[in-house]
Amino acid sequence: HRGKKRGKEKVKEKEKTKEKERDQDKEERNWDRDKEKERERDKERNRDKDKEKDWEREKEQHKDRERVRDKDRDRDRDKDREKNKDKEKEKDREEVDQNKETDDVTKEGEKDREKMKDKEGDKDRGEKERDRDKEKEKDEKKEKKEREREKEREREKERDDKKKKDKRSRTPPRSYSSSRRSRSSSR
């Protein structure tokens, strides 16, 4: 009878130890699974961080490209503006030359006419005076136009100077090292 009892106890002991081992195995498997999940999460987190860094880098590159494009556009616009100014100045010069030529021609014509009138005699003094008044008006109108053109040129120049000044004030002064760097790169 005692033998049977001992046998049952041994069987119970064995079952308990087996159950303990099974629980331990289960815990180890769970622990391994948890560790694996943690590793996967870390990998995912790192992947997300890398993606974000790449995105930030891309954004910065895009901004740099935009800045360069803007600088190029501004430089081109300034060149065009200078060309247009030169063209305008040339036009003004040509116009002034033409006006001088027409003035010279009309003055010569007037002198010739006056000589002829003098030869014919002073028949109509009133006409002469009217002619002189008309000439004076013409001369005054021309002078007025010249003054207006001059004023316009002055205003244009002031505007351009102001724009240049504004542009200069917008760009911060370069540091000593950066200006040296740009000089050495241009050599």
Side-chain angles (χ1 to χ4, degrees), residues 24-109 134-187:
Q24 260 183 332
D25 286 348
K26 201 175 190 181
E27 274 183 40
E28 281 177 21
R29 277 196 306 272
N30 284 344
W31 191 80
D32 287 345
R33 201 177 312 120
D34 289 346
K35 275 289 173 191
E36 191 60 36
K37 279 181 183 176
E38 190 64 34
R39 260 187 238 114
E40 283 299 314
R41 259 182 266 144
D42 286 348
K43 278 183 187 175
E44 192 66 33
R45 239 181 267 127
N46 287 339
R47 237 180 271 128
D48 289 347
K49 279 181 186 173
D50 289 346
K51 276 181 186 174
E52 198 158 318
K53 279 180 187 171
D54 288 347
W55 187 73
E56 287 292 325
R57 199 176 305 118
E58 189 69 33
K59 218 161 87 171
E60 274 303 310
Q61 287 174 348
H62 184 71
K63 277 183 186 174
D64 290 345
R65 281 194 295 270
E66 289 267 308
R67 273 188 224 113
V68 168
R69 199 178 310 127
D70 288 348
K71 277 184 184 174
D72 289 347
R73 193 180 335 113
D74 288 348
R75 195 180 320 112
D76 291 346
R77 201 180 300 131
D78 289 346
K79 281 181 184 175
D80 290 346
R81 210 175 283 134
E82 284 298 316
K83 282 180 186 174
N84 287 341
K85 271 189 212 168
D86 291 344
K87 283 179 186 176
E88 284 295 316
K89 283 179 186 174
E90 191 59 38
K91 273 184 188 175
D92 288 346
R93 265 189 232 114
E94 285 174 11
E95 212 172 285
V96 168
D97 291 347
Q98 277 182 340
N99 287 343
K100 277 184 184 174
E101 282 178 28
T102 53
D103 285 351
D104 293 346
V105 169
T106 52
K107 281 179 185 173
E108 279 181 35
K134 282 180 186 176
E135 287 305 320
K136 277 184 186 177
E137 280 181 21
K138 276 185 187 176
D139 289 344
E140 285 172 4
K141 281 181 184 177
K142 283 178 186 170
E143 283 176 13
K144 195 175 183 184
K145 277 185 184 177
E146 271 302 315
R147 281 194 298 262
E148 284 175 6
R149 276 196 209 109
E150 195 61 39
K151 282 180 186 175
E152 188 58 34
R153 278 189 222 118
E154 284 292 321
R155 273 189 240 118
E156 184 96 354
K157 190 178 180 207
E158 285 174 9
R159 254 185 268 130
D160 290 341
D161 289 349
K162 190 176 181 188
K163 282 180 187 174
K164 282 181 186 175
K165 203 176 207 180
D166 286 353
K167 196 167 189 184
R168 259 188 252 120
S169 66
R170 267 184 275 149
T171 56
R174 271 199 264 173
S175 68
Y176 177 71
S177 59
S178 69
S179 64
R180 284 190 67 183
R181 231 180 289 123
S182 67
R183 273 200 303 250
S184 62
S185 66
S186 64
R187 282 185 204 143

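- Between Asn84 and Arg81, the side chains place no donor N or O within less than 3.5 Å of an acceptor N or O (distance only, hydrogens not considered).
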| request: Decide yes or no on side chain to side chain contact (heavy atoms under 4.5 Å, CB included) for Arg77 and Asp80, but give the supporting numbers first. | output: CA-CA 5 Å; Arg77 201 180 300 131; Asp80 290 346; 5.7 Å; no

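- The pair Asp86-Lys83 does not meet the salt-bridge criterion, since no charged nitrogen lies less than 4.0 angstrom from a carboxylate oxygen.
- Atoms NZ and NZ, on Lys142 and Lys100 in that order, are 13.0 Å from each other to the nearest 0.5 Å.
- Atom CD of Glu52 has 12 or fewer neighbouring heavy atoms from other residues, nucleotides or ligands inside a 6.0 Å radius.
- In this structure, CD on Glu60 lies 11.0 Å from CZ on Arg65, to the nearest 0.5 angstrom.
- Here the straight-line distance linking atom NZ of Lys89 with atom NZ of Lys91 works out to 14.5 Å at 0.5 Å rounding.
- None of Glu148, Arg147, Arg153 except one satisfies the side-chain contact (heavy atoms from CB on, under 4.5 Å) rule with Glu150; the exception is Arg153.
- Residues satisfying the side chain to side chain contact (heavy atoms under 4.5 Å, CB included) test with Lys134, not counting sequence neighbours, are none.
- Partner of Asp161 under the side-chain contact (heavy atoms from CB on, under 4.5 Å) criterion, out of Lys163, Lys165, Lys157: Lys157 alone.
- With a 4.5 Å cut-off on side-chain heavy atoms, Gln24 and Glu27 do not count as touching.
- Using a cutoff of 4.0 Å between basic side-chain nitrogens and carboxylate oxygens, Glu44 and Arg47 are scored as salt-bridged.
- In this structure, the separation between CH2 on Trp31 and CD on Glu36 is 11.5 Å, given to the nearest 0.5 Å.
- Ion pairing between a basic and an acidic side chain is recognised when a charged N comes within 4.0 Å of a carboxylate O; Glu152 and Arg155 show such pairing.
- Here the side chains of Asp72 and Arg75 are in contact, with some heavy-atom distance below 4.5 Å.
- Residues Glu40 and Lys37 form no side-chain contact, since every pair of their non-hydrogen atoms from C-beta on lies 4.5 Å or further apart.
- Paired with Lys59 under the rule side-chain contact (heavy atoms from CB on, under 4.5 Å), one option of Glu56, Arg57, His62, Gln61 passes, and it is Glu56.
- A search for side-chain hydrogen bond (donor to acceptor under 3.5 Å, both in side chains) contacts involving Asp97 returns nothing, not counting sequence neighbours.
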| request: Please report the C-alpha distance between Thr106 and Lys138 in whole Å, then the side-chain angles of each, then the deciding distance to 0.1 Å, and finally whether the side chain to side chain contact (heavy atoms under 4.5 Å, CB included) criterion is met. | output: CA-CA 11 Å; Thr106 52; Lys138 276 185 187 176; 5.9 Å; no

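- Legend: residues meeting side-chain hydrogen bond (donor to acceptor under 3.5 Å, both in side chains) with Glu82, ordered by chain and number and at least two apart, are absent.
- Evaluation of the side chain to side chain contact (heavy atoms under 4.5 Å, CB included) rule for Glu38 yields Arg41, Asp42, Arg45 as partners, not counting sequence neighbours.
- Taken to the nearest 0.5 Å, the NZ atom of Lys164 stands 12.5 Å off from the CG atom of Asp166.
- Using a 4.0 Å cut-off between charged side-chain N and carboxylate O, Asp70 and Arg73 make a salt bridge.
- With sequence neighbours left out, the side chain to side chain contact (heavy atoms under 4.5 Å, CB included) criterion links Gln98 to no other residue.
- With sequence neighbours excluded, no residue satisfies side chain to side chain contact (heavy atoms under 4.5 Å, CB included) with Glu140.
- Comment: Glu66 does not engage Lys63 in a salt bridge, judged by the lack of any side-chain N to carboxylate O separation of less than 4.0 angstrom.
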